[in-house]
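Here is the structure we will look at, set down as structure tokens.
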Amino acid sequence: MPPRGFQSTETTEIKKSRFITTIARTDTESQARAVIADVRALYPDARHHCMAFIIDDEGVRTARSSDDGEPSGTGGIPMMNALTQADLVNVTAVVTRYFGGIKLGASGLTRAYGGCVTQATSAMPRVTREVRTVWALAVPHNQGGRIQEDLLRAGGTIVDVSYDDKSVRMRFTYPDDPDSLVSKITGGQAHLDRDCTQIVEVATS
């Protein structure tokens, strides 16, 4: 799935038709519908707004697609296939088409709509959900930025950061036991606590 808050837009021209692909992270069907409505409002003069979304909301999966006036099966289905082949969930794709005067035919439309989504998602940042131990670490304010960067560089995932008068408190996950890492990057001056176990979103390459 894309990271939280992710949304991107790419434009492709195929035989003078302009295809604008919007990809967004959506965690519920209502969020997906809102993205589709926003795209329609942004490009009100476009002829078609084909869409596909896949939502996994606490284990309940919902998948919807629409050709939005294109010949049946030439818009939404190839877009859905592209999302499925990319193994994506909690994502909405909308491809807006401005007709350029040259008909593409059913096979051409199928390739265009599916290809636009494949291209837009190929380099998209992604996260996966994993059950991990969350660790808590408090460090002085003047070291907080550097230590946070060191944790991220070493493969850690920051869950949240909070501040008080004396320190910066980071909650993070790490693929292995982080004792030696934390000792190294803090010079052995910080105390590490096991906070909890929870599902977190971890960036994938």
Side-chain angles (χ1 to χ4, degrees), residues 1-10 22-39 52-64 83-94 117 120-205:
M1 69 184 74
R4 293 187 187 279
F6 176 85
Q7 183 162 327
S8 70
T9 302
E10 293 188 11
T22 301
I23 304 291
R25 164 74 178 261
T26 49
D27 293 319
T28 64
E29 184 168 352
S30 62
Q31 289 180 7
R33 300 285 183 192
V35 167
I36 297 163
D38 287 346
V39 172
F53 62 79
I54 304 174
I55 306 297
D56 190 327
D57 188 2
E58 297 184 355
V60 178
R61 183 162 294 198
T62 303
R64 300 278 188 271
L83 295 179
T84 302
Q85 290 168 10
D87 197 24
L88 289 168
V89 296
N90 289 24
V91 62
T92 296
V94 185
V117 173
T121 58
S122 60
M124 183 183 71
R126 305 184 187 203
V127 295
T128 59
R129 286 175 175 160
E130 298 180 7
V131 178
R132 284 193 174 186
T133 298
V134 178
W135 304 87
L137 175 68
V139 299
H141 285 280
N142 62 357
Q143 298 180 26
R146 176 188 63 79
I147 290 173
Q148 184 172 338
E149 289 180 5
D150 287 345
L151 287 172
L152 292 171
R153 193 176 299 114
T157 299
I158 304 298
V159 176
D160 59 54
V161 179
S162 58
Y163 303 85
D164 58 29
D165 292 340
K166 297 181 179 179
S167 62
V168 179
R169 186 173 187 268
M170 305 174 197
R171 296 175 67 247
F172 70 97
T173 68
Y174 190 66
D176 304 305
D177 189 324
D179 278 327
S180 60
L181 170 65
V182 169
S183 179
K184 177 182 178 181
I185 65 178
T186 66
Q189 299 301 306
H191 180 69
L192 184 67
D193 291 314
R194 185 187 295 268
D195 189 81
C196 65
T197 299
Q198 68 182 55
I199 297 175
V200 297
E201 294 187 0
V202 179
T204 59
S205 57

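If you read the sequence from its start, that first residue is 1, and numbering goes on from there. Because the structure is a prediction, the values reported are computed rather than measured.
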#### Entry: Gap between atom CG of D160 and atom CE of M170 - 0.5 Å precision
11.0 Å
### Query
Could R169 and D195 be called an ion pair, given the rule that one side-chain N must be under 4.0 Å from one carboxylate O?
yes
### Message
Quick check: do E201 and M1 have side-chain heavy atoms less than 4.5 Å from each other?
### Response
yes
### Query
Can you check whether F6 reaches V127 side chain to side chain, under 4.5 Å on heavy atoms?
no
### By side chain to side chain contact (heavy atoms under 4.5 Å, CB included) - contacts of T28 (at least two apart)
S30, Q31, D57
Side-chain donor-acceptor distances from residues 145-159 under 3.5 Å, at least two apart:
from: R146; atom 1: NH1; to: D150; atom 2: OD2; distance (Å): 3.0
from: R146; atom 1: NH1; to: I185; atom 2: O; distance (Å): 3.1
from: R146; atom 1: NH2; to: I185; atom 2: O; distance (Å): 3.2
from: D150; atom 1: OD1; to: R153; atom 2: NH1; distance (Å): 2.9

### Task
Inspect the surroundings of CG in D87 and state if more than 12 heavy atoms from other residues, nucleotides or ligands are less than 6.0 Å away.
no
### Heavy-atom check, side chain of W135 versus side chain of R171, under 4.5 Å
no
### Query
What heavy-atom pair brings T92 and A32 nearest, and what distance separates the two atoms?
OG1-CB, 3.2 Å
### Message
Using the side-chain hydrogen bond (donor to acceptor under 3.5 Å, both in side chains) criterion, which residues pair with Q7? Sequence neighbours excluded.
### Response
none
### Task
Work out which heavy atom in A52 is nearest to a heavy atom in L83; give both atom names and the distance.
O-CD1, 3.8 Å
### Query
Where is the tightest heavy-atom contact between A190 and L137, given as atom of each residue plus distance?
CB-CD1, 3.4 Å
### Query
Any side-chain heavy atom of R33 within less than 4.5 Å of one from R64?
yes
## Note on the structure
Output for pair (L181 CG, F172 CZ), nearest 0.5 Å, gives 7.0 Å
### Query
Do the non-hydrogen side-chain atoms of F53 and I36 ever get within less than 4.5 Å of each other?
yes
### Message
Applying side-chain hydrogen bond (donor to acceptor under 3.5 Å, both in side chains) as the test, list every pair that has at least one member in residues 176-188; sequence neighbours left out.
### Response
none
### Task
For D164, check side-chain hydrogen bond (donor to acceptor under 3.5 Å, both in side chains) against everything at least two apart and list the hits.
S167
### Query
Between L88 and I54, what is the shortest heavy-atom contact and its length?
O-CD1, 3.7 Å
#### Entry: Sequence-distant partners of P175, side chain to side chain contact (heavy atoms under 4.5 Å, CB included), two or more places apart
R132
### Closest non-hydrogen atom pair between V168 and P140, with its separation
CG2-O, 4.4 Å
### Query
Closest heavy-atom contact between A120 and M124?
O-CB, 4.1 Å
### Task
Indicate whether any N or O donor in one side chain lies under 3.5 Å from an N or O acceptor in the other, for D27 and N90.
yes
